[in-house]
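Proteins come first, then strands; the chains are lettered A, B, ... in the order of their sequence lines, and each starts at number 1. Hydrogens, waters and symmetry mates are skipped; everything else that's a heavy atom, side chains included, is used. Fair warning: this is a prediction, and the values are worked out from it, not measured in the lab.
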There are 2 protein chains.
Amino acid sequence: MGVTKTQIFDQQQNELAQFFKILGHPARIAILQYISKQNTCICNDLVEEIGLAQATISQHLKELKSIGLLKGEVEGKSMCYCIDVDRWNVLQKNLNSFFNTTKTNCC
Amino acid sequence: MGVTKTQIFDQQQNELAQFFKILGHPARIAILQYISKQNTCICNDLVEEIGLAQATISQHLKELKSIGLLKGEVEGKSMCYCIDVDRWNVLQKNLNSFFNTTKTNCC
DNA sequence: TTTTATTATCGTAATATTGCGATATTATAA
DNA sequence: TTATAATATCGCAATATTACGATAATAAAA
């Protein structure tokens with residue numbers, strides 16, 4: 001036990017859940033908010049700004065990258081992380097579509 | 001370790017993350033979709049419909065209730081679960097507000 | 001080349017989540 | 001009252017997540 005039984009759900013349900021899951025951590029919310037506040041891309045002031053260890057921040061960034069919300073470019077010896085606005089908009093749309101189709105027909 | 005350090009984030013970040021987290025499981029997505037598909041409220045065809053044990057479904061329902069997305073009423077000896085549309089709309093609004101304010105000002 | 005700075009990855013400990021059988025609990029039916 | 005049916009809760013095993021120190025990898029600077 002302890003494993004999510006993904007095989008009994010369809011792809012749309014699993015993908016939607018995966019996306020929600022990755023947004024379901026305050027550090028990742030904070031990272032996204034901080035990156036968007038800067039008018040330039042972020043490297044790792046995040047470690048100081050947020051107050052988690054460098055390894056931890058790096059791990060959270062990796063997860064955000066895994067659903068395509070962030071893209072990173074090498075900039076000298078640091079990394080420059082950006083929100084992928086196209087991907088961001090697609091996800092927002094999917095998510096609203098879930099909300100709009102699901103709330104109807106309720107008692 | 002292993003604990004999310006909620007104390008270093010603000011209330012808005014923690015609440016948003018909590019909300020996303022609860023939606024971050026395919027069974028809970030499937031439950032919401034199934035409930036909304038019925039024009040009457042649901043009791044526990046969910047167990048047959050979804051294919052998880054009764055105890056497991058009950059647990060997922062509890063979590064959905066914890067963020068106010070579902071409300072349950074006793075109906076005879078069974079339970080009648082509904083989506084709380086007001087709460088649903090509030091959460092959708094918060095979510096869009098997060099998406100809209102966060103995507104701007106990116107490089 | 002050697003140093004330094006930045007980020008990624010590995011390994012591991014602590015805690016959380018998922019899932020389920022067993023057992024309460026609650027409310028109708030007999 | 002005694003069954004029966006539906007749901008909730010408890011306790012546990014398996015797995016996942018979170019966090020971090022240590023260390024590797026990479027690239028500029030000395």
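Here the nucleotide nearest the side chain of B:Q59, chosen from C:dT15, C:dA8, C:dC20, is C:dC20. Here the side chain of A:K77 is nearest to one of D:dC20, C:dA8, C:dT4, namely C:dT4. Nearest to the side-chain atoms of B:Y81 among the listed nucleotides D:dA8, D:dC20, C:dT7 stands D:dA8. The B:T56 side chain lies nearest to C:dC20 when the options are D:dT7, D:dC20, C:dC20. Out of C:dT9, C:dA8, C:dT18, the shortest distance to the side chain of A:A55 is found at C:dT9. Nearest nucleotide to the B:H25 side chain, out of C:dT18, D:dT7, D:dA19: C:dT18.
If A:G76 and B:T6 are placed on DNA chain D by their nearest nucleotide, the residue sitting closer to the 5' end is B:T6. Residue whose closest nucleotide on DNA chain C sits further toward the 5' end, between A:K65 and A:T4: A:K65. Along DNA chain D, the nucleotide closest to A:E75 and the one closest to B:L61 are compared, and the more 5′ of them pairs with B:L61. The nearest heavy atom of DNA chain C to A:N44 and to A:K5 marks one nucleotide each, and the one closer to the 5' end goes with A:N44.
Hydrophobic clustering of Ile, Leu, Val, Met, Phe, Trp and Tyr side chains at less than 4.5 Å, counting indirect connections, keeps A:V90 apart from A:F98.
Between A:K21 and C:dT17, a side-chain N or O to OP1/OP2 separation shorter than 4.0 Å is absent. One finds a side-chain N or O of A:S58 lying less than 4.0 angstrom from the OP1 or OP2 phosphate oxygen of C:dA8. Using a 4.0 Å cut-off, no side-chain N or O of B:H60 falls inside it from OP1 or OP2 of C:dT17.
Going from atom NZ of A:K62 over to atom C1' of D:dA19 covers 15 Å, rounded to whole Å. Residue B:E48 contributes atom CD, which lies 11 Å from atom P of D:dT7 at whole-angstrom precision. Atom pair A:Q54:CD and D:dA24:C1' shows a separation of 12 Å (rounding to whole Å applied). Rounded to whole Å, the distance from CG on B:N14 to P on D:dT18 is 13 Å. Atom CG of B:L64 is separated from atom C1' of D:dT7 by 16 Å (rounded to the nearest Å). As a whole-Å value, the separation of B:F9 CZ from D:dA19 P is 7 Å. For B:D45 and D:dA5, the CG to P distance is 16 Å, given to the nearest whole Å. Regarding A:E73, its CD atom lies at a distance of 19 Å from the P atom of C:dT6, rounded to whole Å.
Around the CD atom of A:E48, the shell of radius 6.0 Å holds no more than 12 heavy atoms that belong to other residues, nucleotides or ligands. Around CD of B:E73, the count of heavy atoms belonging to other residues, nucleotides or ligands within 6.0 Å does not exceed 12.
Scanning all heavy atoms of the two residues, the minimum distance from B:L52 to B:V47 falls at O-CG1, 3.5 Å.
Neither side chain, A:N94 nor A:Q12, offers a donor N or O lying under 3.5 Å from an acceptor on the other.
Between A:F99 and A:L95, the closest side-chain pair of non-hydrogen atoms falls below 4.5 Å.
Backbone-only contact: A:L52 has heavy atoms under 4.0 Å from sugar-phosphate atoms and none from a base.
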